[in-house]
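Would you mind keeping the following structure in view while I ask a few things?
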4 protein chains.
Amino acid sequence: MTHSSRPSITRLRKTPSQARAEETVESIIEAAAQVLEAEGLEGFNTNAIARRAGVSIGSLYQYFPGKDALTVALIQRETRRFYDDAAAALTQRSGKAALEYLIGASVRQQLQRPMLAKLLDVQESSPALRGEVEKVEFDALVVAIVRRVAPRFEHPEVAAADLLAIVQGLTDAAGERGERDLESLEHRVRAAAFGYLSRVARRGKHSARAGGM
Amino acid sequence: MTHSSRPSITRLRKTPSQARAEETVESIIEAAAQVLEAEGLEGFNTNAIARRAGVSIGSLYQYFPGKDALTVALIQRETRRFYDDAAAALTQRSGKAALEYLIGASVRQQLQRPMLAKLLDVQESSPALRGEVEKVEFDALVVAIVRRVAPRFEHPEVAAADLLAIVQGLTDAAGERGERDLESLEHRVRAAAFGYLSRVARRGKHSARAGGM
Amino acid sequence: MTHSSRPSITRLRKTPSQARAEETVESIIEAAAQVLEAEGLEGFNTNAIARRAGVSIGSLYQYFPGKDALTVALIQRETRRFYDDAAAALTQRSGKAALEYLIGASVRQQLQRPMLAKLLDVQESSPALRGEVEKVEFDALVVAIVRRVAPRFEHPEVAAADLLAIVQGLTDAAGERGERDLESLEHRVRAAAFGYLSRVARRGKHSARAGGM
Amino acid sequence: MTHSSRPSITRLRKTPSQARAEETVESIIEAAAQVLEAEGLEGFNTNAIARRAGVSIGSLYQYFPGKDALTVALIQRETRRFYDDAAAALTQRSGKAALEYLIGASVRQQLQRPMLAKLLDVQESSPALRGEVEKVEFDALVVAIVRRVAPRFEHPEVAAADLLAIVQGLTDAAGERGERDLESLEHRVRAAAFGYLSRVARRGKHSARAGGM
DNA sequence: TATGAATGAGGCTTCATTCAT
DNA sequence: CATGAATGAAGCCTCATTCAT
């Protein structure tokens, strides 16, 4: 289940063997996040990132073979943070509670880091980055949750993808508008998610579902 | 709530007073659309657009004060096309039918023009473009529909924004995955939209709604 | 017998359609030659070349897709100049006179433009440039001369390559030493060239020659 | 004619006083040779050399004050190897045999180590390296050989330089073409060398020679 | 007005070299 | 002494924009 070791844009150029190096790598990724947040995609360039990280541009390129690699590393970090939070969903008693937990994690994440969505979009439009980001684990999590809330869905991956899109669409837009009321937002996201699940089954062949819910 | 008439990046440099000029403007915008579709954001640059439009880069700058203006013009055109299609929703008998119509228009639009979403994202991240795009009319349409489907909502603008986010989130993700089955997609979007509306009311002060549905 | 139209590093990016453009291209190549002569390979960079040409770096890249293309263009120009001079060798009455003419051209060329040799070496060591330069015509010229001086050689291409190597080796080294006495140099080069031709035949299968000279 | 003892780029930073240090120096030079052979001039950089030598970049700079010094050291080593082989020429009975031996050594060297030629060219074009390489000994060898083959030459240094140029020009070109037939190549080089010597005398003041051969 | 040549700020990246550990 | 992380000058190239013709 390990990944193939094909040469990847993503890989670090050198594995940091000293503590200092690891800190540098971390500080660069963090700086990238901050630059993105503060300056937007317009200001997301390697010089600005190095400057904010307090390292030279040379150091940045010691660890990342290129800008894309850094972008991917940032996406990975954010995705992993989200995943690490969201994975606790599976410890919930019921499927419903699991999905609610996932939604809560999503909302928290989005309102803290509204930048991830934009990054992901850019990533998708850059041919070089396609397929570099590992979504597998994450998708699997959502599918697992779907299976618990709605065990008889024929295509849980479709429902999982839809749920993700609903949750992210709503939270992104809310973040965009500067909405800060977590409770209200979470309530509305739940409405959409559970509403989707309870209704998507009502039709025949096109439905994501095979049986009752 | 009308816009001030401050000098805007968006405005065309000259009002095309002759038919030929208007054609040129149109051809440039169309070329921009084609370049975006064919080359992605990577290839979306003024020289490429001028080349594809069959005009000189100089002419492009005769009609648009800058790249941002052209970008905005393209967004406006696409938004208007969508609006012109979606506006027919209001001619439907029932509110339900109106919302269904809107969803249908959204799905059609998205699967035909998957580029709009990306453009809108860039636009949001570019400070220069913020607020240049007229969404007012469009938002008003969705609010009007919401009022018809769920007349007693306290904050129909919130529900309208949410519905838009749900619909676009789902269709964008579907487009991204290359999904082509309109019927299935539409069914699932309806599930999410109507599910949202029917459930969002169930709570007190945080809800977007004041009364029953 | 035309060359395939595969995308080549060599091609100009745009065919200059205005007189000014053509001048610019010419001035850039000439500047490249001057920079190489004055600063050596160390100083042979695009910024220096643009500066000396009196154009912006942007203009350089309007016409040359990259540094390699410019390098190749320079090599082509120098090769062509040499060729245009050397081609008159074929108008000489005898084969001997033809070879002498070729040697004279070589010596003149080398002492005027000692840079070509260096460039050719760079070209050979840069994988990107391999095969971009057309030597065909030139090689054909030398082979034709060899056929006239020594009609019975079995492998005139080998002899041609050897003669070229001898002539260039001697003139390069002389240029390197700063030798300026054309007459003496030419005499010695003739000695080597004709000495080679008259002696190379003396052995069996390994010789470049089949019969008497 | 002796060299001044000005501080030289070339000198090692520290005289390796211990066996281990000497080994390190040797391994770095060997690594430089391998990198040059394997990656060409493009890949000939200090970090790559240190990596291949299995030492840190810091150590490399402990032993060499800079890249140029390392380059020169490599050239010296190769030159010395050649010299050690070629010096046996002087043990030959006749001058003819001596020159033949020299040619044989040249051909062997070139076909085994085609990289030296390229390095020498770079060295010549880099002002920093000019004059750093000791050729004296080597030149003296060739002059000595010339004196034995053609004792009455007025300017044996010129003839020596020419012979070197002929031999290297031919072998370099052959190496470039990938020629592997030593015997044939050697035959042709002899033809050029002896042809040169026998013919260069035939003129008056410009000749490299004063009397008969 | 149309053209397209020209501009140059600014982004990405490399690599020789230094220096703290 | 060895290490390798860090540095930054310098090179390559792009693309939004201007301006002479």
Side-chain angles (χ1 to χ4, degrees), chain A residues 13-14 16-25 42-50 53-68 70, chain B residues 14 18 20-21 24 42-51 54-70, chain C residues 13-14 16-25 42-50 53-68 70, chain D residues 14 18 20-21 24 42-51 54-70:
Chain A
R13 204 166 235 175
K14 63 170 60 168
S17 60
Q18 292 179 9
R20 188 163 45 133
E22 201 143 356
E23 275 167 39
T24 302
V25 168
E42 307 296 304
F44 191 70
N45 66 65
T46 53
N47 289 296
I49 292 166
V55 303
S56 69
I57 184 65
S59 284
L60 190 154
Y61 279 92
Q62 290 260 348
Y63 296 104
F64 298 95
K67 191 194 189 186
D68 283 350
L70 174 51
Chain B
K14 58 180 64 169
Q18 296 163 10
R20 199 152 110 254
T24 304
E42 308 294 306
F44 190 69
N45 66 65
T46 52
N47 288 292
I49 292 166
R51 200 179 321 121
V55 303
S56 69
I57 183 66
S59 284
L60 189 154
Y61 276 86
Q62 294 264 339
Y63 293 105
F64 298 92
K67 191 193 189 188
D68 283 349
L70 174 50
Chain C
R13 203 167 236 176
K14 63 170 59 169
S17 62
Q18 293 179 10
R20 186 161 49 133
E22 201 143 356
E23 275 167 38
T24 301
V25 168
E42 308 295 304
F44 190 70
N45 67 64
T46 52
N47 288 297
I49 292 167
V55 303
S56 67
I57 184 63
S59 285
L60 190 155
Y61 280 93
Q62 290 260 345
Y63 296 105
F64 299 94
K67 191 194 189 186
D68 283 350
L70 175 51
Chain D
K14 58 182 63 172
Q18 296 164 11
R20 193 146 120 256
T24 303
E42 309 293 306
F44 190 69
N45 65 67
T46 54
N47 288 291
I49 292 166
R51 201 181 318 123
V55 303
S56 68
I57 182 67
S59 285
L60 189 153
Y61 276 86
Q62 293 265 339
Y63 293 105
F64 297 93
K67 191 192 190 186
D68 283 348
L70 174 51

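Everything quoted here is computed from the prediction, not taken from an experiment. By convention in this document, chain letters (A, B, ...) are assigned in the order of the sequence lines, proteins followed by strands, and residues within each chain are numbered from 1.
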**Study point:** Pairing pattern in dot-bracket form [Watson-Crick, G-U; both distances under 3.5 Å; | = partner strand] for DNA chain E
**Key:** .||||||||||||||||||||
Exercise for review: Measure from CG on D/Leu60 to C1' on F/dC1 and round the result to the nearest Å.
Suggested key: 14 Å
Check your understanding: Which atom pair, heavy atoms only, marks the closest approach of C/Ala48 to C/Gly43?
Key -> CB-O, 3.7 Å
Study note, to complete from the structure: D/Tyr63 atom OH is separated from E/dA16 atom C1', nearest whole Å, by 20 Å
Revision key, fill the gap. One should read off an interatomic distance between B/Arg51 CZ and B/Asn45 CG, to the nearest 0.5 angstrom, of 7.0 Å
**Study point:** Distance-minimising heavy-atom pair for D/Lys67 and D/Phe44
**Key:** NZ-O, 2.9 Å
**Study point:** Partner set under side-chain contact (heavy atoms from CB on, under 4.5 Å) for D/Ser59, not counting sequence neighbours
**Key:** D/Val55, D/Ser56
Revision key, fill the gap. B/Phe64 CZ to F/dT18 C1', in whole Å, measures 18 Å
Exercise for review: Please round to the nearest 0.5 Å and tell me the distance separating atom CG of B/Leu70 and atom CD1 of B/Ile49.
Suggested key: 5.0 Å
Review point. What does nucleotides 8-14 of chain F look like as a protein-contact string, B for base, S for sugar-phosphate only, - for none, at under 4.0 angstrom between heavy atoms?
Key: BB-SBBB
**Study point:** Nearest-0.5 Å distance, OH of residue B/Tyr63 to OG1 of residue B/Thr24
**Key:** 4.5 Å
Check your understanding: So does C/Gln62 reach the base of E/dA5 with its side chain, donor to acceptor, closer than 3.5 Å?
Key -> no
